[in-house]
Amino acid sequence: MRVRVATTILGITAALLAVPACSTDSVGTEPTATPSARAGKPTSGTTALSSAALETRLLDENDLGSGYLRKPERPAQHDDVTVIGCPALNELGGDAATGGSLTFPRKAKASFTYNGSAVEVSEELYSDSANMLSDGIGRIFEAMTGCPTYQVVAGGTPIDMASQKLASPRGLGDEQWSQLLTFSTGARSTVVKQTAIRDGSLLLIVSGSPALVDRHLDKALDKALATS
């Protein structure tokens, strides 16, 4: 399968670029894989879930707490995209550096603003075979973090990018990836964290403000893996 679009990081960039950059204390390291999920926690198993089933496993305002408001889904955008200075991303296609979602057919997504600001946190769930999920998200993270700096021109707007591998959250799921991206347009610069966890036939991606990603990652995974 050729992965046509990558992480949803840039899908929330427009809003995030309206606020000052966030900071993080994380140290960049290689992503890791663990052989099993957390002890005592349910796993997703090997059967792919439908999009409707995934939708029920997304976090909602009640899960997140006060101050969060779900955003309506944006219509798909098809701006021309050019990646400069990162051949690996070019090989995946220009969309691999910008918005959109992975091309797995079974998926669900929710994005939230916090305290009425432009700060956001976004959650995505995908379900497919373990090999398909692992190969798809793994190639994307490898390409994005393999280029420390590059530029994306989306719809005529240049965005300077800096990527950094982060220590993956150990003990969660079967495989984990995490990265920190810095977006700069003119005098504005924004830091966005993205963490992906695969557990069996389910893939969770949480993106947004580093503090919000860290705050809600465990909660998102627990609900995604919960059985009815």
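In this chain, numbering begins with 1 at the start of the sequence shown.
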- [ ] Please name all residues satisfying side chain to side chain contact (heavy atoms under 4.5 Å, CB included) with A130, sequence neighbours left out, ordered by chain then number.
- [x] R198

Open item on the list: Strictly distance-based, threshold 3.5 Å: is any side-chain N or O of S117 a donor or acceptor partner for the main-chain N or O of Y114?
Closed with: yes

Open item on the list: For a 4.5 angstrom cut-off between non-hydrogen side-chain atoms, does E61 reach L64?
Closed with: no

- [ ] Check whether any side-chain heavy atom of S209 sits under 4.5 Å from a side-chain heavy atom of V192, and report yes or no.
- [x] no

Open item on the list: Is it true that T113 and E120 share a donor-acceptor pair across their side chains at a distance under 3.5 Å?
Closed with: no

Open item on the list: Quick check for you: to the nearest 0.5 Å, what is the distance between W177 atom CH2 and I140 atom CD1?
Closed with: 10.5 Å

Open item on the list: Looking at every non-hydrogen atom in both residues, tell me the closest pair between C147 and G85 and how far apart they are.
Closed with: SG-O, 4.3 Å

- [ ] Compare all side-chain heavy atoms of L133 with those of F104 and state whether any distance is below 4.5 angstrom.
- [x] yes

- [ ] Give the intermediate values and the outcome of side chain to side chain contact (heavy atoms under 4.5 Å, CB included) for residues I137 and L203.
- [x] CA-CA 9 Å; I137 192 66; L203 174 66; 4.0 Å; yes

Task: Distance, nearest 0.5 Å, that separates OG of S127 from CE of M132 - done: 12.0 Å

- [ ] Please examine the side chains of D214 and P169, heavy atoms only from C-beta on, and report whether any two atoms are closer than 4.5 Å.
- [x] no

- [ ] State which residue, out of L54, I205, L202, fulfils the side-chain contact (heavy atoms from CB on, under 4.5 Å) condition with Y126.
- [x] I205

Task: Test item: D218 and L172 side chains (from C-beta on) under 4.5 Å apart, heavy atoms - done: yes

- [ ] Please round to the nearest 0.5 Å and tell me the distance separating atom SG of C86 and atom CD of Q151.
- [x] 12.5 Å

TODO: Identify the two heavy atoms, one from V213 and one from G208, that lie closest to each other, and give their separation to 0.1 Å.
DONE: CG2-N, 3.5 Å

Task: Pairwise distance OG(S122) to CG(L59) - rounded to 0.5 angstrom - done: 11.0 Å

Open item on the list: Using side-chain heavy atoms (C-beta onward) and a distance below 4.5 Å, is L225 in contact with L221?
Closed with: yes

Task: Qualifying residue for side-chain contact (heavy atoms from CB on, under 4.5 Å) with S178, from I197, L166, V206 - done: L166

- [ ] Give a yes or no on this: more than 12 heavy atoms of other residues, nucleotides or ligands lie within 6.0 Å of atom CD of E55.
- [x] yes

Open item on the list: Within the 4.5 Å heavy-atom criterion, are I159 and V153 side-chain neighbours or not?
Closed with: no

Open item on the list: Please find the pair of heavy atoms, one from T182 and one from S189, that lie closest to each other, and give the distance.
Closed with: CG2-OG, 3.3 Å

Task: D63 bridged to K223 by N-O distance under 4.0 Å - done: yes

TODO: Looking only at non-hydrogen atoms, find the nearest pair between S201 and T47 and report the distance.
DONE: OG-O, 3.0 Å

Open item on the list: Looking at every non-hydrogen atom in both residues, tell me the closest pair between R106 and S51 and how far apart they are.
Closed with: CA-OG, 3.4 Å

Open item on the list: Could you go through Q194 and F141, starting from their C-alpha distance and side-chain angles, then the distance that decides it, and tell me whether this counts as side chain to side chain contact (heavy atoms under 4.5 Å, CB included)?
Closed with: CA-CA 10 Å; Q194 182 173 61; F141 265 83; 3.6 Å; yes

Open item on the list: Centre-to-centre under 6.0 Å for F112 and H216, is that the case here?
Closed with: no

- [ ] Could you give me the CA-CA distance, side-chain angles and deciding distance for Q179 and Q164, then say whether side chain to side chain contact (heavy atoms under 4.5 Å, CB included) is met?
- [x] CA-CA 6 Å; Q179 64 180 336; Q164 177 188 2; over 6 Å; no

Open item on the list: Please give me the minimum heavy-atom distance between K193 and P210, naming the atom from each residue.
Closed with: CB-CA, 3.8 Å

Task: Distance (rounded to the nearest 0.5 Å) between S163 OG and F183 CZ - done: 10.0 Å

Open item on the list: Under a plain distance cut-off of 3.5 Å, with no hydrogens placed, do Q176 and S168 share a side-chain donor-acceptor pair?
Closed with: no

TODO: Begin with the C-alpha distance, continue with both residues' side-chain angles, and end with the deciding distance and a verdict on side chain to side chain contact (heavy atoms under 4.5 Å, CB included) for Y150 and L89.
DONE: CA-CA 10 Å; Y150 56 96; L89 281 177; 3.5 Å; yes

TODO: Please round to the nearest 0.5 Å and tell me the distance separating atom CZ of R57 and atom CG of L204.
DONE: 12.0 Å

